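In what follows, a structure is listed as C-alpha cells, so that the remarks can point back to it.
Bear in mind that the values here come from a model prediction, so they are computed numbers and not experimental data. Start at 1 and go down the list; that is how both ligands and their atoms are numbered. Quick note: residue numbers are just sequence positions, from 1.
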Amino acid sequence: MCGIVGYCGLKQASNILLEGLKRLEYRGYDSAGIGVGNDGKITIIKKKGKIKDLREIVPPDLRGFWGIGHTRWATHGEVNDINAHPHTDQTGKIAIVHNGIIENYMTLKEKLSSEGYNFITETDSEVIAHLIASYYDGELEKAVKKTVALLKGTYGIVCVHADEPGKLVGARNGSPLVLGIGEDEMFLASDVPAILAHTKQVVYIEDGEIVTVTPNSFNTTDHLERNILKTVDNVEWELEEIEKGGYTHFMEKEIHEQPESIMRAMRGRLDIELATGHLGGLNLSSKELLNIERVKIIAAGTSYHAGMVGSYLLESVARIPCTAELSSEVRYRNPIVEPKSLYFAVSQSGETADTLYAMRELQRKGATVLGICNVVGSTIARESDGGVYIHSGPEIAVASTKAFTSQLTVFYLFTLLMARMRHMSYGQGTEFARSLSKVPEQVKKVLDKKEEIKELAKKYSKAKDFLFLGRGINYPVALEGALKLKEISYVHAEGYSAAEIKHGPIALINEYTPSVFLVSDDSLRDKIISNLKEVKARKGKVIAVAVEGDEEVAEIVDDIITVPHTNELMYPFLMVVPLQLFAYYCALELGRNVDQPRNLAKSVTVE
Ligand code: G6P
C-alpha cells in the first residue's frame, strides 16, 4: 500500500527520492518522508500530507548521495508527522522505510521496551529500526538478516546506516521490492514507476531475499545466507505512459486510452481468419484445455467485476461451468479444488494481498492458477502457473478503468478459444471475433459523448444516493458503475441486478434517488424496461444507458446516453465507458481528488 524508494549514486538523493515518491503517490498518500545520508548522519524530514507538502520543508541545500523515501497509507497509528516514515533507532543512525504489516510487532515492542528501547511512534514499523539497532555490530546487512528472521507478517523494507555511506539494504516478504540498475547508481523501490525516469534495467527481489546495494554493485542472499543469482529484466513501459500527457487527471487519460488499450490486449491474439483466440502464456496444451470441466475466477474490486463478466461468458458461450468469487473470501473457506478445474487470479497490479494469498492457498491444494495481470513481473504474474498479460500500460489513477476493459478482452479471447474447441461453429466464432474486433472503434464513439455525460453529471451530482441497475452480462457492469462513483465522488451508490430491486432496494426510490439503468437490445430488454417502469411509477429519476435508436426507452426515461449497436455479448465494453465518465465528471463537480481518492490505494498489499 505504501510506496518506498531508495537511492545510492552520484546525484543528490533528496531530489531523486522526492521525484520517485511523487510517482508513487498514487499507491498511498497520507504522509511522506525522506532520510538522506551525509557526513555520518541521516537527516530525516517527514510530514503528514502530500509530497508537495514534504517538498516545501526539505531544505534546498540538503546534501547527500544516498537515502530512502516513503509515502504512507496508514495502517497502525494515526496519520501525523511522527508516524510518517522513515523511522529511526534511538541513535538516529539507522533509518528504515517499510511497506506491509508486522503482525507480531506488539510482542517485539514489549521485549525491546523492557530492554530499554524507547518507542516514539504508534507504528508497527518502528520495531524494525530498534531490532536492527539491537543486532548491529558494524554490518547493516547482518543486522537486517537477524531482524527479518524475527518478523511475522508482510514487508518490503529498505534500510540505511549513517556509518555505511552509499549502502542500502532491502528485504522482502509479501510486499513488492524491485532493484533498478543505473550507471554508477542503484535504486530500490516498491514499484517500477518510481525509478522509470532513471533506468529500465530491473531485478525483481523475491520473498525471503535480502539485497545489499551500493552505487556499483548488488548482492542478493536468501535467509540461509546463500547467494542468489538474479536475472536482470528490461521494463517495457515508457516514461510518457506514466505522465498525464495533456489530460488533467490520470483517470481521464486512462478512460480515453481504452480504444488503444483494448486493441493492445487483443493484438496478435484475436484470429478472425480461424475464428479463435491465441493465448500463448496459458502454458496449457489443446488437450489440457479440452479436459477442463470447470473454471473459477478469483479477484478483488474492479478485477472481480471483470471476472464476473468472464464467468458469464465462459458459462453461456463456452458452456463451461464457471464462477467468480472474491479472493478475500476464497482463502479462508477451505475451498475444494477439483482435478479438472482451472483457476484465474485477476489483478491489475498483480500484488493485491487478498488475491495473492488466495492463489497460494489454491496452489497448495494442487490447483492450476493462471494470472490475468497488467504489471509485468508482479508477484501474481510470477507465482501463477501461467497466464496472460493485459498490456494496458501503467494504470496510475486509483479507480481502475482501462484495466477493466482489457481484462474483459482477455476473457473474451479465452471464451472464444474454449468455445471453438467445444461446440462453437466456425460461423458463430467468426461473428464473435468480428464483433470483438469492432469494440475499440465503438468505444471511441462512446467517448465522443463525453460532453453529454458531463452535463448529466452537472445535473445529478448533488444526489446523495444512486442505484446502478443491469441484467445478465451487464449486471457486473452496473456493480462497476456504482463502485466507480463511490470510489471517486464519495457518493453512496448501489449496484444491483435490475430484477432484484423489487426484493428490497426499490424501497429507496423517491424523486431524490436517481437510478442508472443499463438497457441493451438483448433478450432481457423487455424485462429491464419493466423494472425501469417500476422505478418511474415511484417518481424515481432514471438515466438510461441504451442502444442508439431505442426510442421507446428514450421516451420513458429522464435522460439517456446511447451507445452503438453491437453483438449482445459486447455491451459491457460500451456500457461501462459512460459510467466511468459519469463518475469522473461527478467527482469533478464535487471537487474531489479524482486520482487519489480519500482512504483508497491503488495496490492493496495488506489483507
Ligand atoms: C484496490 C483498488 C481497486 C482495484 C482493487 C483490486 O482496491 O483501489 O481499483 O480494483 O484494489 O486491485 P488489482 O490490482 O488486484 O486489480
Side-chain angles (χ1 to χ4, degrees), residues 1-3 24-29 73 75 174-176 190-193 250-251 254-255 261 265 297-310 324-331 344-360 369-384 387-408 410-411 476-477 479-490 495 576 579-580 583-584 587 592-607:
M1 317 280 291
C2 308
L24 288 187
E25 206 173 20
Y26 69 96
R27 291 194 53 137
Y29 24 73
W73 188 91
T75 58
S175 301
S190 52
D191 237 19
V192 169
F250 281 112
M251 183 178 179
E254 288 157 11
I255 291 173
S261 55
I297 299 163
I298 60 164
T302 291
S303 298
Y304 169 63
H305 296 153
M308 287 175 78
V309 175
E325 198 178 346
L326 290 169
S327 46
S328 50
E329 292 301 322
V330 172
R331 183 182 180 196
F344 279 105
V346 191
S347 174
Q348 185 284 130
S349 62
E351 302 293 348
T352 299
D354 289 327
T355 307
L356 174 63
Y357 299 159
M359 176 178 93
R360 287 179 180 159
V369 187
L370 304 181
I372 298 182
C373 297
N374 188 31
V375 180
V376 176
S378 58
T379 311
I380 293 175
R382 279 179 295 125
E383 291 191 17
S384 54
V388 187
Y389 281 119
I390 61 173
H391 296 311
S392 296
E395 193 184 63
I396 309 284
V398 164
S400 184
T401 53
K402 63 175 178 172
F404 177 77
T405 44
S406 297
Q407 289 162 344
L408 291 191
V410 168
F411 277 119
V477 180
L479 299 184
E480 178 58 10
L483 179 65
K484 284 290 89 74
L485 192 66
K486 274 187 277 229
E487 283 178 314
I488 57 166
S489 69
Y490 321 146
V576 78
L579 306 189
Q580 296 168 341
Y584 173 71
R592 311 296 192 217
N593 184 340
V594 174
D595 283 338
Q596 296 165 11
R598 72 179 179 206
N599 304 343
L600 300 179
K602 182 72 183 155
S603 169
V604 185
T605 52
V606 293
E607 272 193 275

In terms of residue, atom name and distance, what is the protein heavy atom nearest to [atom]?
atom	result
atom 9 (O) of ligand 1	Val398 O, 3.1 Å
atom 10 (O) of ligand 1	Thr302 N, 3.0 Å
atom 16 (O) of ligand 1	Ser303 OG, 2.5 Å
atom 5 (C) of ligand 1	Ala300 O, 4.1 Å
atom 15 (O) of ligand 1	Thr352 OG1, 2.4 Å

Checklist entry - Any side-chain donor-acceptor pair under 3.5 Å between Ser400 and Thr302? => result no
Checklist entry - Would Gln348 and Ser303 count as having a side-chain donor-acceptor pair, cut-off 3.5 Å? => result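 Absent: no donor and acceptor within the cut-off.
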Checklist entry - If you count the atoms of ligand 1 from 1 in the order shown, which ones are under 4.0 Å from a heavy atom of Glu487? => result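 Matching atoms, with element in brackets: 9 (O).
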Checklist entry - Among the heavy atoms of Val604, does any lie under 4.0 Å from an atom of ligand 1? => result yes
Please tell me if the side chains of [X] and [Y] come closer than 4.5 Å, counting only heavy atoms from C-beta onward.
X	Y	result
Ile297	Phe411	yes
Met251	Thr401	yes
His305	Leu483	yes
Arg592	Ile488	no

With only distance considered, is [X] within less than 3.5 Å of ligand 1 through an N or O on each side?
X	result
Leu600	no
Ser349	yes
Ala601	yes
Gln348	yes

Next on the checklist: Using modelled atom types and a 3.5 Å cut-off, is there a donor and acceptor pairing between side-chain atoms of Lys602 and backbone atoms of Gln596?
Outcome noted: no
Next on the checklist: Please determine whether salt bridge (Lys or Arg N to Asp or Glu O under 4.0 Å) holds for the pair Glu383 and Arg360, giving the CA-CA distance in whole Å, both sets of side-chain angles, and the decisive distance to 0.1 Å.
Outcome noted: CA-CA 8 Å; Glu383 291 191 17; Arg360 287 179 180 159; 2.7 Å; yes
